[in-house]
Amino acid sequence: MSATPALLDLYRATHYDVRMPGGKRVTLRIGDQIPRALLDWAKDARSLVIVSASNPESRALPVVENRQRMRALLDRLSVSRKQILAGVGHIPGQGWRESFLVIAGIAIQEADLLAVEFGQNATVVADGHSHVARLRIY
């Protein structure tokens, strides 16, 4: 499925809730500044990228299959020794939820490869200059 205007609207409406070390949660929104706690966690990383392996091409998969796909993504990243946090995307008032990983310091090109490998239509990216969350569409 390509990223249709309706799908892009859903991505923009999504709240990207990230579990910080110590249990605190912060929320990213497309077009907004990255929360200070997340920037502090990432330290001097040039980029932050949100990548999921769930629901490839925005097709809903069973929970068990999405968990397996997320484990495969985490396993793939574990050799890189990147800083990683877990999170969940949701749209308030709707039942949809999707797990994702926040990766600090990953090259955008590497994140692009992961997104394509795991069948994703988009990632959420913030570079070290603007600190604004933006969609990157595939």
Are W41 and I103 co-members of a hydrophobic cluster defined by side-chain heavy atoms under 4.5 Å apart? no

State, yes or no, whether a side-chain contact exists between E110 and L113 at a heavy-atom distance under 4.5 Å. no

So CD1 of I34 and OH of Y16: to nearest 0.5 Å the spacing works out to 11.5 Å

Indicate the atoms forming the closest heavy-atom contact of A37 with K24, along with that distance. CB-NZ, 4.2 Å

In this structure, would L114 and L74 fall into the same cluster of hydrophobic residues linked by side-chain contacts under 4.5 Å? yes

Taking every heavy atom of L135 against every heavy atom of Y11, the minimum-distance pair comes out as CD1-CB, 3.7 Å

Do the side chain of T14 and the main chain of H90 share a donor and acceptor less than 3.5 angstrom apart? no

Rounded to the nearest 0.5 Å, what separation is found between the CD1 atom of I108 and the OG atom of S47? 4.5 Å

Interatomic distance, E65 atom CD to S54 atom OG [nearest 0.5 angstrom]: 10.0 Å

How close do A45 and G105 get, heavy atom to heavy atom, and via which atoms? CB-N, 3.5 Å

Is the shortest distance from a Lys or Arg side-chain nitrogen in R71 or D75 to a carboxylate oxygen in the other one below 4.0 Å? no

If you compare all heavy atoms of V132 against all heavy atoms of Q33, which two are closest, and at what distance to 0.1 Å? CG2-NE2, 3.3 Å

Can you tell if the side chain of T27 reaches within under 4.5 Å of the side chain of V18, non-hydrogen atoms only? no

When rounded to the nearest 0.5 angstrom, what distance separates CD1 in I50 from CZ in R136? 14.5 Å

Write down the atom of Q120, the atom of A53, and the distance for their closest heavy-atom approach. NE2-C, 3.6 Å

Spacing of H15 atom NE2 and I91 atom CD1 [to the nearest 0.5 Å]: 8.5 Å

Verify same cluster id: I137, L48 (apolar side-chain graph, 4.5 Å): yes

Between I106 and L39, is there shared hydrophobic-cluster membership here, with clusters defined by ILVMFWY side-chain heavy atoms closer than 4.5 Å? no

Below 4.5 Å, heavy atoms only, C-beta onward: do L101 and L77 meet side chain to side chain? yes

Quick one, V49 with F100, criterion side chain to side chain contact (heavy atoms under 4.5 Å, CB included). Give me CA distance, side-chain angles, the key distance, then yes/no. CA-CA 10 Å; V49 179; F100 62 78; over 6 Å; no

Output the distance between atom CG (L28) and atom CG (L38), rounded to the nearest 0.5 Å. 5.5 Å

Test item: R69 side-chain N/O and F118 main-chain N/O as donor-acceptor pair under 3.5 Å: yes

Is the side chain of N66 donor-acceptor paired with the backbone N or O of N55 at a distance under 3.5 Å, no angle test? yes

E98 side chain to S52 main-chain N or O, any donor-acceptor pair under 3.5 Å? no

So with a 6.0 Å cut-off around CZ of R67, is the heavy-atom count from everything else above 12? no

Taking side chain as C-beta onward, heavy atoms only, is L85 less than 4.5 Å from Q83? no

For a quick test of reading the model, state the closest non-hydrogen atom pair linking Y138 to T123 and the distance between them. OH-OG1, 3.0 Å

Please say yes or no: joined through hydrophobic side-chain contacts below 4.5 Å, possibly via intermediate residues, are L10 and W96 part of one cluster? yes

